[in-house]
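To start, the structure itself, in structure tokens.
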Amino acid sequence: METKNQSLLKQQFENIFENALIQDIIATGIVKTFSENTIVVDIGDPMPYMPILLSGSIKIMREDNDDNELLLYYLEVGDTCAMTINCSMGKQKSNIRAITEVATLLVFVPIQKLEEWMIQYHSWRHFILESYNSRLMEALEAVDSLAFYSLEDRLHKYLKDKAMVTGATLLKTTHLQIANDLNSSRVVISRLLKKLQLDKKINVQRNEIEVFF
DNA sequence: TCATTAACACGGG
DNA sequence: CCCGTGTTAATGA
């Protein structure tokens, strides 16, 4: 692992992991960079590694039998994907698709280490359980959103979430992409965006949307 | 009632 | 010309 990435890893995790664990991650982890809008893991892929986010952000998508996509939640720095925990335990293939939202740095840890460290390191155990829990909560939020919210509220929440993970209030995206993420149609998104703009919640221009907070 | 699909016009790059 | 966007009309849940 490069020194630059090592110091980033230390910086991000020194308050969470004990030093010995960080050294172990450096020794066994493989760091990879992904440019924005790249598929990191696809549905059906085997997952022999567990990814931990060093920088950037990733959206986790679900897909039904008719290729309809739906955004489940975002991963941010310090997060890991709970799906890989599932996969590693039961030797399953991925049930989700992971796409980078911006340029992203990931460290991949072999799943065999994941189990060893569960026994060896208290902080690792805590990290796994904690992230498992928060991913479950986010998935529940996604379900709530589908079941109880109007599409307009979902759209507004989607834009705010996206602004959060990208760290910018100006989003570079199109109505069609949004429609795909929310599993809706472009016509409706265009109409609702206009409505949100009239309500002074956002400002819409070609290829970009500004979110107000 | 509200979403979806299809179809068309407009404008910018 | 292609793509993103605005809008409408017909249809569906």
Side-chain angles (χ1 to χ4, degrees), chain A residues 32-45 51 53-77 79 81-83 86 92-106 134-213:
Chain A
K32 278 189 184 168
T33 49
F34 295 86
S35 53
E36 69 169 81
N37 244 5
T38 310
I39 296 178
V40 179
V41 179
D42 209 341
I43 296 157
D45 284 358
L53 221 71
L54 283 186
S55 70
S57 60
I58 289 181
K59 59 180 179 185
I60 304 297
M61 316 276 303
R62 200 90 165 88
E63 195 181 75
D64 72 4
N65 298 327
D66 298 326
D67 289 0
N68 296 310
E69 285 189 312
L70 177 69
L71 187 144
L72 261 191
Y73 48 73
Y74 289 101
L75 297 183
E76 292 178 83
V77 173
D79 287 339
C81 183
M83 207 59 239
N86 246 348
Q92 301 265 318
K93 288 176 178 175
S94 177
N95 295 313
I96 50 88
R97 175 175 299 140
I99 305 174
T100 56
E101 182 75 21
V102 296
T104 296
L105 204 56
L106 288 173
S134 51
R135 290 300 88 70
L136 179 61
M137 286 307 152
E138 282 172 321
L140 280 183
E141 241 185 74
V143 173
D144 283 353
S145 179
L146 273 176
F148 306 128
Y149 289 15
S150 67
L151 188 52
E152 182 176 351
D153 290 340
R154 283 176 62 205
L155 173 61
H156 193 205
K157 181 160 131 48
Y158 166 86
L159 294 172
K160 284 188 287 185
D161 280 353
K162 200 176 175 83
M164 290 289 244
V165 298
T166 53
T169 55
L170 198 62
L171 306 175
K172 185 192 154 295
T173 186
T174 68
H175 299 186
L176 182 60
Q177 285 174 35
I178 298 172
N180 289 336
D181 280 356
L182 295 180
N183 190 25
S184 179
S185 60
R186 210 259 315 152
V187 187
V188 177
I189 298 300
S190 292
R191 200 185 64 232
L192 291 179
L193 283 173
K194 195 146 206 193
K195 198 170 168 189
L196 286 173
Q197 184 172 28
L198 284 175
D199 293 343
K200 305 289 181 221
K201 305 260 180 59
I202 60 171
N203 192 27
V204 186
Q205 283 174 47
R206 191 183 174 88
N207 278 319
E208 60 181 44
I209 297 167
E210 188 185 355
V211 184
F212 303 140
F213 283 94

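As the structure is a computational prediction, the values presented were derived from the model and not from experiment. So that the names make sense, note that chain A is the first sequence line, chain B the second, and so on, each numbered from 1.
The CG-C1' distance, from A:D153 to B:dC2, rounds to 14 Å in whole Å. Between the CD1 atom of A:I178 and the C1' atom of C:dG6 there is a distance of 15 Å, rounded to whole Å. Rounded to a whole Å, the CG atom of A:L182 is 15 Å from the C1' atom of B:dT4. Put simply, NE2 on A:H175 is 14 Å from C1' on B:dG11, counting in whole angstrom units. With rounding to whole Å, A:L192 atom CG is found 14 Å from C:dT5 atom P. As rounded to whole Å, 15 Å separates atom C1' of C:dC3 from atom CG of A:N180. Between A:L151 atom CG and C:dA13 atom P the separation is 18 Å, expressed in whole Å. In this structure, the CG atom of A:N68 is 9 Å from the P atom of B:dT5, given to the nearest Å.
Sequence order on DNA chain C of the closest nucleotides to A:V187 and A:N207 puts A:N207 first from the 5' end.
Using a 4.5 Å heavy-atom cutoff, the side chains of A:V211 and A:K162 are not in contact.
Judged purely by atom type and a 3.5 angstrom limit, A:S57 has no side-chain atom pairing as donor or acceptor with the backbone of A:T166.
Nearest to the side chain of A:R191, among B:dT4, B:dA3, B:dT5, sits B:dA3. In this structure, the nucleotide among C:dG4, B:dT4, B:dA7 sitting nearest to the side chain of A:R206 is C:dG4. For A:R186, the side-chain atoms get nearest to B:dA7 when compared with the rest of B:dT4, C:dG4, B:dA7.
Among the protein residues, A:S184 comes within range of the sugar-phosphate backbone only, with heavy atoms under 4.0 Å from sugar or phosphate atoms but none that close to a base. Across all strands, A:T174 comes closer than 4.0 Å only to sugar-phosphate atoms, never to a base (heavy-atom distances).
The only member of A:M61, A:K59, A:R135 that meets side chain to side chain contact (heavy atoms under 4.5 Å, CB included) when paired with A:Y73 is A:R135.
In summary, the side chains of A:N183 and A:E69 do not present any donor paired with an acceptor at a separation below 3.5 Å, with no hydrogens or angles considered.
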- Task: Evaluate the criterion side chain to side chain donor-acceptor pair (under 3.5 Å) for residue pair A:D181 and A:Y158; output intermediate values, then yes/no.
- Result: CA-CA 9 Å; A:D181 280 356; A:Y158 166 86; 2.6 Å; yes
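A sub-4.0 Å separation between OP1 or OP2 of C:dT7 and a side-chain N or O of A:K194 is present.
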